[in-house]
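Quick note: numbers below take in every heavy atom, side chains included, and nothing from hydrogens, waters or symmetry partners.
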Amino acid sequence: MQNPGAEAWNLRSGGSGGQRDELQPRPSHGPVGAPDSSEMESVGVYGFCGCKGKSKIKRDSRWEITAAETAPTSAYSSPARSLGDTGITPLSPSHILNDADPVSDEQTFLVVVAIDFGTTSSGYAYSFTKEPECIHVMRRWEGGDPGVSNQKTPTTILLTPDRKFHSFGYAARDFYHDLDPNEAKQWLYLEKFKMKLHTTGDLTTDTDLTAANGKKVKALEIFTHALQHFKEQALKELSDQAGSDFENSDVRWVITVPAIWKQPAKQFMREAAYQAGLASPENSEQLIIALEPEAASIYCRKLRLHQMIELSSKAVVNGYSASDTVGAGFTQAKEHVRRNRQSRTFLVENVIGEIWSELEEGDKYVVVDSGGGTVDLTVHQIRLPEGHLKELYKATGGPYGSLGVDYEFEKLLCKIFGDDFIEQFKIKRPAAWVDLMIAFESRKRAAAPDRTNPLNITLPFSFIDYYKKFRGHSVEHALRKSNVDFVKWSSQGMLRMSPDAMNALFKPTIDSIIEHLRDLFQKPEVSTVKFLFLVGGFAEAPLLQQAVQAAFGDKCRIIIPQDVGLTILKGAVLFGLDPAVIKVRRSPLTYGVGVLNRYVEGKHPPEKLLVKDGTRWCTDVFDKFISADQSVALGELVKRSYTPAKPSQLVIVIHIYSSEQDDVSFITDPGVRKCGTLRLDLTGTSGTAVPARREIQTLMQFGDTEIKATAVDVATSKSVKVGIDFLNY
C-alpha cells in the first residue's frame with residue numbers, strides 16, 4: 001500500500017536492470033558500521049545519512065530491513081514511530097566500492113569557458129577544444145583603478161531601484177559612484193557578497209544579501225544575475241572571434257569555488273548557474289564545479305622556469321639551488337608580467353614543467369590558495385605515469401582572505417572617527433564609502449616589508465563634510481584627539497599612514513594563515529611536502545610572501561606562479577578540457593543508511609524501542625555508507641541491494657541525511673539533517689513476473705562535487721534518481 005505521507009522529490013523514471021529468478025546473497029563486506037550478526041536478523045531503512053568519522057567494517061551474509069516512509073526534516077524524533085508500512089531489507093549487506101564503469105561523455109563541446117567568481121574580483125577565460133594549448137583570458141573590460149592592473153573585474157553588481165539588473169564590475173561601480181547621493185540611496189549596489197555563502201550556516205535558496213543602502217535582496221537572484229552576465233559576455237566574445245553566433249550548447253562551463261566551502265554553498269553555485277542558463281539539471285555534465293586549489297594545482301603542473309618565482313631559501317633540492325631554479329627573481333619577473341599584460345592568450349605547452357618533472361611517484365605538495373575572502377589549503381600527491389592528482393588530506397582553511405585587511409582598516413577608522421559615525425556614513429553616503437575603500441585598495445597593494453615612505457589615502461570630500469556636520473568639528477581634530485599616532489592628517493585631504501601602520505593592518509590576517517599552515521605541517525601526511533605553491537589574488541602581497549617564506553622556507557620550496565591572480569582561472573580551463581586529471585578526492589562527509597535493528601536489551605536505548613507486529617525493533621540506527629576523509633575515486637559507485645520486507649509493499653522510500661558530527665549512532669542525533677529522498681513507486685507492476693524476494697538496487701556515485709543516488713527495481717527496471725540536496729530541506 002502507498003503511504004500517503006511519503007514524499008516524491010525531484011525524481012525521474014528510467015534506468016536499467018535485469019530480471020533474475022532467485023536472489024542470492026553475495027558473500028561480501030557488511031555495510032560500514034553494520035550491526036553485529038546477533039542483531040542483524042531484521043532491520044529497517046530510512047535513508048542515507050551523512051556524518052564525519054572513520055568506519056569499521058563488520059561481516060555478515062544477510063540481514064533484513066524496514067524502510068520508514070516518513071521522516072522529519074530535523075531528525076530529533078523517531079521517524080519509525082509513525083511507520084505506516086513495512087519497508088525494505090538488504091538482500092546482502094554488501095559494501096561494494098568499485099571504480100565506476102566509465103560514463104561515456106557523449107556530449108562534445110567546442111570550447112571550455114571557466115569563470116573565476118571571486119570575492120573581490122572575477123573573470124573568465126576560455127580555450128577551444130581543438131586548440132587546448134591556447135588559453136584566452138577575457139577581453140579587457142572598461143574601467144580600472146589606479147595602482148591596480150588586473151585582467152579581472154571587481155565582483156560588484158548594481159540593480160535599478162525597481163530591482164532589475166543594471167551592470168556588473170567596473171561599469172556598476174563607476175555608474176553608482178556618479179549617481180547623485182540622494183538618488184544612489186534608491187539603487188541596490190552589492191560587493192564582496194560571495195563570502196555570504198561561506199559564512200551562512202543555514203544557507204538556502206531564500207538566503208538574503210544586504211545592499212549598500214541596507215535593502216535586502218535574494219542571494220540566488222544576485223548570483224544568477226552575475227553568472228548570466230558572464231555567460232552573455234563570453235558568448236559575445238566567442239561569437240565575435242568565430243565570426244558567427246556561438247550557441248550555449250557548444251560550451252562546457254567551469255565555475256571555481258573554494259575547497260573549504262561546505263556542500264550547500266557548492267550546490268548553491270550550481271543552482272544559480274542553472275537559473276542563469278549555463279546548464280540544466282537534465283544536462284548537468286555541461287557544468288563542472290571546480291575546486292580552486294585543484295585548478296591552481298593543474299596549472300602549476302605546466303609551469304616552466306620562466307613562468308614562476310621561487311622564494312625559498314633552501315640551499316639545494318634535487319641538485320638545484322634556489323638561485324639556479326629561479327634566475328632573476330622578483331623584480332625581473334614582475335616586469336615580465338607587466339610587459340605581457342596586453343597579451344590575452346597564454347600558451348600552455350603540452351608537457352610537464354621543469355619543477356613538476358622533479359616530482360616522483362608519491363611526492364606531496366601543498367597548494368595555498370589565498371584569495372579575497374578565504375584561504376584554502378590543499379595537499380596533493382602525484383600519481384605517475386600520467387601525473388594524475390590525488391587529494392591526500394582534506395581541504396582546510398578559513399576566512400583569512402585579503403578582506404581581513406579591509407576589515408582592519410574599517411576598525412581603524414572606527415577607532416579614529418567613532419563606530420556610530422562610520423555606520424551612519426556607510427548608510428547615508430554609500431557611494432562615498434565605496435570610493436574610500438577603492439582608495440584604500442590601491443594603497444593596500446603598495447604595502448611592502450621594506451617600504452619606508454608613508455602611504456596616503458584620499459578621503460572623499462563628502463566624508464570630510466559629513467563628519468563636520470555629524471560631530472561639529474573637523475576630521476583633523478578627530479585625528480589629533482584619537483591618539484592614533486601612526487596616522488596623520490595631510491592638508492591635501494588625505495590620511496597619511498606610516499608603513500608600520502599599514503603593515504599592522506595585514507598582521508591579523510597573515511598571522512591566521514601562517515598559524516593554519518603550521519597546524520597543517522604538523523599532520524603526518526604533510527610532513528614530507530616538497531613544494532608549496534602560493535596562488536590567488538592575495539598571494540601578490542609581498543607581506544604575505546615574506547611571512548610564508550620566513551616560516552616555511554626551510555621546510556619546502558615555495559613557488560609563486562607569475563600573474564598569480566590568473567592561476568586559478570587558467571587551471572580551471574585546463575580542468576574543463578580534461579576533468580579526469582583529478583583522480584581521487586576526500587569525501588567531506590560520511591554517508592550511510594538509517595536502519596531498524598532487532599532491539600537488544602541493555603545495548604539499545606529504551607526510547608528507541610518500537611514493537612511492530614510482535615517484533616521488537618531498535619529504530620533510527622545509523623549505518624555508515626562511506627566515511628568522511630575516505631579516498632573516493634572520481635565517479636566511484638557504492639552499490640547495495642535491498643528487498644521489501646513485506647511482498648505487498650509497492651512504495652519504497654529512502655531518506656538521505658547529512659551531518660558534520662563524528663561518531664553518529666542514530667539518525668536522530670544532533671546535527672543530522674535530511675538532504676534528499678529516493679521514492680520508488682512500484683504500483684502497476686503487479687502483473688510482472690516478480691521473484692519472491694524482489695531486488696532493489698541502491699547506488700550512490702561519489703567523487704565529483706555532486707553526489708547522485710539511484711534506486712532500481714531489478715525485476716521491472718523501474719528507477720528513480722536524485723541529486724543530494726543541501727538547500728531545500
Side-chain angles (χ1 to χ4, degrees), residues 120-121 142-150 153-156 158 169-181 184 189 191-192 212 372 402-419 421-448 451-471 473-482 484-506 537 540-543:
T120 51
S121 61
E142 68 282 357
D145 288 334
V148 180
S149 58
N150 199 338
T153 192
T155 308
T156 53
L158 184 64
Y170 287 117
R173 211 187 61 191
D174 295 346
F175 185 91
Y176 183 63
H177 165 270
D178 292 340
L179 285 170
D180 174 85
Y189 177 82
E191 61 179 354
K192 299 167 185 169
S402 61
L403 276 188
V405 185
D406 298 356
Y407 295 144
E408 289 299 316
F409 178 61
E410 190 176 326
K411 275 163 62 180
L412 177 65
L413 292 176
C414 288
K415 188 175 177 184
I416 297 169
F417 302 108
D419 292 339
F421 168 72
I422 295 298
E423 191 179 326
Q424 278 302 304
F425 181 70
K426 285 162 81 172
I427 294 167
K428 301 288 189 190
R429 302 283 189 275
W433 174 257
V434 170
D435 280 353
L436 175 55
M437 294 312 290
I438 292 167
F440 173 69
E441 179 68 26
S442 75
R443 303 326 295 144
K444 181 172 88 175
R445 289 170 181 262
R451 189 180 178 100
T452 54
N453 53 324
L455 294 123
N456 294 325
I457 298 159
T458 305
L459 284 181
F461 172 75
S462 63
F463 185 99
I464 299 165
D465 183 54
Y466 190 69
Y467 184 78
K468 184 139 193 177
K469 287 176 185 166
F470 190 87
R471 286 273 190 253
H473 57 247
S474 69
V475 165
E476 187 178 357
H477 178 76
L479 271 164
R480 278 203 307 270
K481 274 188 64 182
S482 69
V484 179
D485 53 5
F486 43 77
V487 180
K488 305 293 183 195
W489 176 246
S490 153
S491 56
Q492 286 90 27
M494 297 179 181
L495 292 180
R496 179 164 288 180
M497 294 184 72
S498 70
D500 287 347
M502 179 61 87
N503 295 0
L505 299 182
F506 279 78
E540 294 175 353
L543 289 165

Are any non-hydrogen side-chain atoms of Arg429 and Pro460 less than 4.5 angstrom apart?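 Arg429 does not reach Pro460 side chain to side chain.
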Taking atom NZ of Lys481 and atom NE2 of His473, what is their separation to the nearest 0.5 Å?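 Lys481 atom NZ to His473 atom NE2 measures 5.5 Å (nearest 0.5 Å).
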Heavy-atom neighbours of Glu423 CD exceed 12 at 6.0 Å: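 Not more than 12 within 6.0 Å, no.
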Would you mind reporting whether Tyr176 and Val434 have side-chain heavy atoms less than 4.5 Å apart?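 The answer is yes; the side chains approach within 4.5 Å.
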Can you name the nearest heavy-atom pair linking Asp419 to Cys414, along with the distance?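 Asp419 and Cys414 have their closest heavy atoms at OD1-CB, 2.8 Å.
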So do the side chains of Asp406 and Glu441 get within less than 4.5 Å of each other, counting heavy atoms only?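 Heavy-atom side-chain distance check passes, below 4.5 Å.
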Exercise: identify the closest heavy-atom pair between Ala447 and Asn503: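 Here Ala447 and Asn503 meet closest at CB-OD1, 4.4 Å.
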Determine, stepwise, if the pair His177 / Ile438 fulfils side chain to side chain contact (heavy atoms under 4.5 Å, CB included). CA-CA 11 Å; His177 165 270; Ile438 292 167; over 6 Å; no
So if I apply the ring pair (Phe, Tyr, Trp, His ring centres under 6.0 Å) rule between Phe417 and each of Trp489, Tyr466, Phe463, Phe425, which one comes out positive?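 Result for ring pair (Phe, Tyr, Trp, His ring centres under 6.0 Å) with Phe417: Phe463.
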Leu505 vs Phe440, side chain to side chain contact (heavy atoms under 4.5 Å, CB included): CA-CA, chis, key distance, verdict: CA-CA 11 Å; Leu505 299 182; Phe440 173 69; 3.8 Å; yes
Do Lys469 and Asp465 have side-chain heavy atoms sitting under 4.5 Å apart?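 Yes, side chains in contact.
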Tell me the closest heavy-atom pair linking Glu191 and Thr156, and the distance in Å.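 Shortest heavy-atom contact: CB-CG2, 3.6 Å.
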Drop me the distance from Ile416's CD1 to Lys411's NZ, to the nearest 0.5 angstrom.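 That separation rounds to 13.5 Å.
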Quick one: closest heavy-atom pair of Tyr170 and Thr153, and the distance?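 The answer is N-OG1, 3.3 Å.
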Below 4.5 Å, heavy atoms only, C-beta onward: do Trp433 and Glu410 meet side chain to side chain?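 Trp433 vs Glu410: side chains touch.
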Which atom pair, heavy atoms only, marks the closest approach of Lys415 to Ser482?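 That would be O-CB, 4.4 Å.
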Measuring from atom CD of Glu476 to atom NZ of Lys468, what distance do you get when rounded to the nearest 0.5 angstrom?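 Going from the CD atom of Glu476 to the NZ atom of Lys468 covers 10.0 Å.
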Measure the CG-CD distance between Leu413 and Glu408 for me, rounded to the nearest 0.5 Å.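 CD of Glu408 is found 11.5 Å from CG of Leu413.
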When rounded to the nearest 0.5 angstrom, what is the spacing between CZ in Phe470 and CD1 in Ile422?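 It is 9.5 Å, given to the nearest 0.5 Å.
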Any residue meeting ring pair (Phe, Tyr, Trp, His ring centres under 6.0 Å) with Phe506, in chain and number order, not counting sequence neighbours: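 Phe506 satisfies ring pair (Phe, Tyr, Trp, His ring centres under 6.0 Å) with no other residue.
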From Lys192 atom NZ to Met437 atom CE, the distance as rounded to the nearest 0.5 Å: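 Answer rounded to 0.5 Å: 5.0 Å.
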Please determine whether side chain to side chain contact (heavy atoms under 4.5 Å, CB included) holds for the pair Ile457 and Leu436, giving the CA-CA distance in whole Å, both sets of side-chain angles, and the decisive distance to 0.1 Å. CA-CA 8 Å; Ile457 298 159; Leu436 175 55; 4.2 Å; yes
How close do Pro499 and Leu455 get, counting heavy atoms only, and between which atoms?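 It is CA-CD1, 4.3 Å.
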Could you go through the side chain to side chain contact (heavy atoms under 4.5 Å, CB included) check for Phe486 and Leu412 one step at a time? CA-CA 11 Å; Phe486 43 77; Leu412 177 65; 4.1 Å; yes
